[in-house]
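Throughout, protein chains are lettered first and strands after them, A, B, ... in sequence-line order, and every chain is numbered starting at 1. The model shown is predicted, which means the values in this text are computed figures rather than measured ones.
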Protein chains: 2
Amino acid sequence: MTTIKDIAKIAGVSVATVSRVINESGYVNVDTRKKVEEAINVMNYSPNEVARSLYKRKSKLIGLLLPDITNPFFPQLARGVEDLLQENGYRLIFGNSDENEDKELDYIRTFVQNNVIGVISSTNFPDSDTYHKLKIPIVFLDRTSNESPSVYADGREGGRIAAREIILRGSKRITILQGPAHIKPAQDRFQGAIEVLEELGMTYDVIQTSSFSYGEAGKWAKELFDKHTDTDGVIASNDIVATAILQEAHRLGKAVPQDVQIIGYDDTPLSSLLSPSLSTIRQPAYDMGREAAGLLIRLIEQDKVEDSIIQLPVSFVERETTRTII
Amino acid sequence: MTTIKDIAKIAGVSVATVSRVINESGYVNVDTRKKVEEAINVMNYSPNEVARSLYKRKSKLIGLLLPDITNPFFPQLARGVEDLLQENGYRLIFGNSDENEDKELDYIRTFVQNNVIGVISSTNFPDSDTYHKLKIPIVFLDRTSNESPSVYADGREGGRIAAREIILRGSKRITILQGPAHIKPAQDRFQGAIEVLEELGMTYDVIQTSSFSYGEAGKWAKELFDKHTDTDGVIASNDIVATAILQEAHRLGKAVPQDVQIIGYDDTPLSSLLSPSLSTIRQPAYDMGREAAGLLIRLIEQDKVEDSIIQLPVSFVERETTRTII
DNA sequence: GTAACGAATGTAACCGGTTACACACTTGGA
DNA sequence: TCCAAGTGTGTAACCGGTTACATTCGTTAC
């Protein structure tokens, strides 16, 4: 490996001068600069970030913690984060937490051990000691915590919209899928939907679910139509679950949206590809990722940061699993 | 930040002794060890990986380069990689290359700058200088390069299976979607399918595509049914494209699989959730990721590694977009 | 003529670990 | 009794950068 010493020797200068050239700091004579730059080019040298990081006590690394990249909502988020960071010269250490606090703690620890300069986390435990004790900037993504910097979409409003739209389009016996209890945004959207239904004095049923996994979604779909045969509107906990409902409805010979309307949540790419395509509440996942990265960069590079809590709008995406308003 | 010096001071020993305790190397008296361990616990100390990495010239970091995490095939791969690495104490620096050689080069460079100890890459340029010059172990994932360690599924055989199955199930006028020219596995599966069609002397049509993006897939679906109205069997370049075809067939009032059979590729999670669910060629993405990680770990930790080229089997997953064999 | 300052460069300490080496003490066998 | 080997611990060099500080030289101002 080529080191700064090698470059110094080739260029006939000291390491300090090479460092000055690399970092464009201090005084360097133009001719000296040329010699050094030439040596750098010849040797195709790039400085060791580890050595830098050790001295400066900070790196260009940022930790990203997501529950499960396999859930189609998260690749969008991750991509948004990665794109903006990459454009700004930062790199990502990435981990899946599986919503598991121990795994999360373990990752945060190794992030710190690697001198990461900031963390973006989709955690269910934003108020845990782990995060409070962190001395580096942290942005909660798709999750919130009182005063801490965070980027999220308005889940409660999303739930409200879903309920309003499905009612507006004529469903009378609505069933709501309640997402996993420990996932805050899932509960927010659930609460939002409930609120509207209560306000309008509608009767409704609830099916509990405990994950967003592909594998189990089918089970809840079966349970739903089993228990609530006459349901004519389903507000799903996310697009995966909505897809399973759609499939099950199909299997049972129920016409969608004529017999049952279905509204998903997230607007993952798959939802537009289904037949019929899925009406859903859109969260701007990619933008959320970008915003989170942008906010983190600001927190890292600036003294004062305003608007460190960013809420992005959700919207109803009308497709084919809901009826048109008459 | 707590350093090894702090611990040494608290425990009343030298840093060398603390280091010996941490790394379980050399001689340490039991009582001394206890004192040190106590100090470590009290201070909740964990050693700085950056300092370690600098001295040892290697870290616990591994670079992972994927084309686009947003393509639903890759999260599975990534998850497989991450799971096995995490279990073995390694961490991941992650980047999206967009199949772009410059971006790839840039990532590889920063991987090296950060003393990564190995790289897993899904690249279209495995034989480029960038990789040849790398002095650390590298595993090509979902891609191959002559003698270099790689993990992939048999694309040609996948293509052959797809063609055989669709013919076996009665399609006479088959259209093949040819994936992006620069993506090797896409061409492999295309070639495999062509081979079988030629061997059996069947006529067929080809539609060129230039990406796997959701956005453009619809366009090719339209083009397909526009140009080849009478096609009764479509071999898609992957599941995303297959989904778009399915949707378009639906829109045109063609019955699937009665009028047109469709076979996808990858068996991404979405394919089982469609209605009708998608028959496809399964690549064991998660396992591919795990295998790649396992192979890389072996390359890192062992002197000699046998079987450094791992080919995983593909299989036909029969669902509802193909007819049953009579 | 010289004090003051800017430009250019080098020396060496430092970041937080690991480890080669030196040294002291114990133990056991010849 | 003496030496070799084993045990236990500390000192300091080292990894590859950055930077505080010292030094030298040339120019300008008084």
Problem - Residue pair B:E37, B:K34: steps toward the salt bridge (charged side-chain N to carboxylate O under 4.0 Å, His left out) verdict - result: CA-CA 5 Å; B:E37 279 167 351; B:K34 263 191 202 114; over 6 Å; no

Problem - Interatomic distance where CD belongs to A:E49 and C1' belongs to C:dG16 [whole Å] - result: 17 Å

Exercise for the section: Would you kindly give the OH-to-C1' distance between A:Y27 and D:dT24, to the nearest whole Å? Expected result: 15 Å

Exercise for the section: Would you mind reading off the distance between A:Q113 atom CD and C:dC15 atom C1', rounded to a whole angstrom? Expected result: 17 Å

Handout entry: Rounded distance (Å) that lies between atom P of D:dG16 and atom CE of A:M43
Key = 13 Å

Problem - side-chain N/O A:Y45 vs D:dG17 OP1/OP2, d < 4.0 Å - result: yes

Problem - Pair B:Y131-B:S148, side-chain donor/acceptor within less than 3.5 Å - result: no

Exercise for the section: Using a 4.0 Å heavy-atom cut-off across all strands, classify A:V18 as base, sugar-phosphate, or nothing. Expected result: nothing

Exercise for the section: State whether a side-chain donor-acceptor pair under 3.5 Å links A:S53 with A:N115. Expected result: yes

Problem - N/O (side chain, A:N23) to phosphate O (OP1/OP2, D:dT18) under 4.0 Å - result: yes

Fill in the blank from the handout: Which of C:dC15, C:dG17, C:dG10 is nearest the side chain of B:R52? It is C:dG17

Completion exercise
From the candidates D:dG10, C:dA7, C:dT9, the one with an atom nearest any side-chain atom of A:V28 is C:dT9

Completion exercise
Residue pair B:K56/B:V30 against DNA chain D: nearer the 5' end by closest nucleotide is B:V30

Handout entry: Any A:N48 side-chain nitrogen or oxygen under 4.0 Å from OP1 or OP2 of D:dG17
Key = no

Problem - A:N124: which of A:K184, A:E99, A:H182, A:E104 passes side chain to side chain donor-acceptor pair (under 3.5 Å) - result: A:E99

Exercise for the section: State whether the distance check finds a donor on one side and an acceptor on the other, under 3.5 Å, for side chain B:R33 versus base D:dG8. Expected result: no

Exercise for the section: May I ask you to evaluate whether A:T3 reaches the phosphate of D:dG16, defined as a side-chain N or O under 4.0 Å from OP1 or OP2? Expected result: no

Problem - Which residue lies more 5' along DNA chain D, comparing B:V15 with A:S19 via nearest heavy atoms - result: B:V15

Exercise for the section: Between B:A16 and B:V50, just flag the one whose closest nucleotide in DNA chain C comes earlier from the 5' side. Expected result: B:V50

Practice task
Check for a donor-acceptor pair, side chain of B:N100 on one end and backbone N or O of B:D102 on the other, with a separation under 3.5 Å.
Solution key: yes

Handout entry: Short side-chain N/O contact from A:R57 to OP1 or OP2 of C:dG16, under 4.0 Å
Key = yes

Exercise for the section: Please report, rounded to the nearest Å, how far the C1' atom of D:dT19 is from the CZ atom of A:R20. Expected result: 8 Å

Practice task
Would you mind checking if A:R298 and A:D307 are paired as a salt bridge, meaning a charged N to carboxylate O distance below 4.0 Å?
Solution key: no

Practice task
State which of C:dG17, D:dG16, D:dG17 makes the closest approach to the side chain of A:P47.
Solution key: D:dG17

Practice task
Using a cut-off of strictly less than 4.0 Å, decide whether A:T17 has a side-chain nitrogen or oxygen near OP1 or OP2 of C:dA8.
Solution key: no

Practice task
Classify the nucleic acid contact of B:T32 as base, sugar-phosphate or nothing, counting any heavy atom under 4.0 Å across all strands shown.
Solution key: sugar-phosphate

Practice task
Round to a whole Å and report the spacing from CG of B:N29 to P of D:dG10.
Solution key: 11 Å

Practice task
Using atom CG of A:L54 as one end and atom P of D:dG16 as the other, report the distance to the nearest whole Å.
Solution key: 12 Å

Handout entry: Gap between atoms NZ and P, on A:K5 and D:dA13 respectively (whole Å)
Key = 13 Å

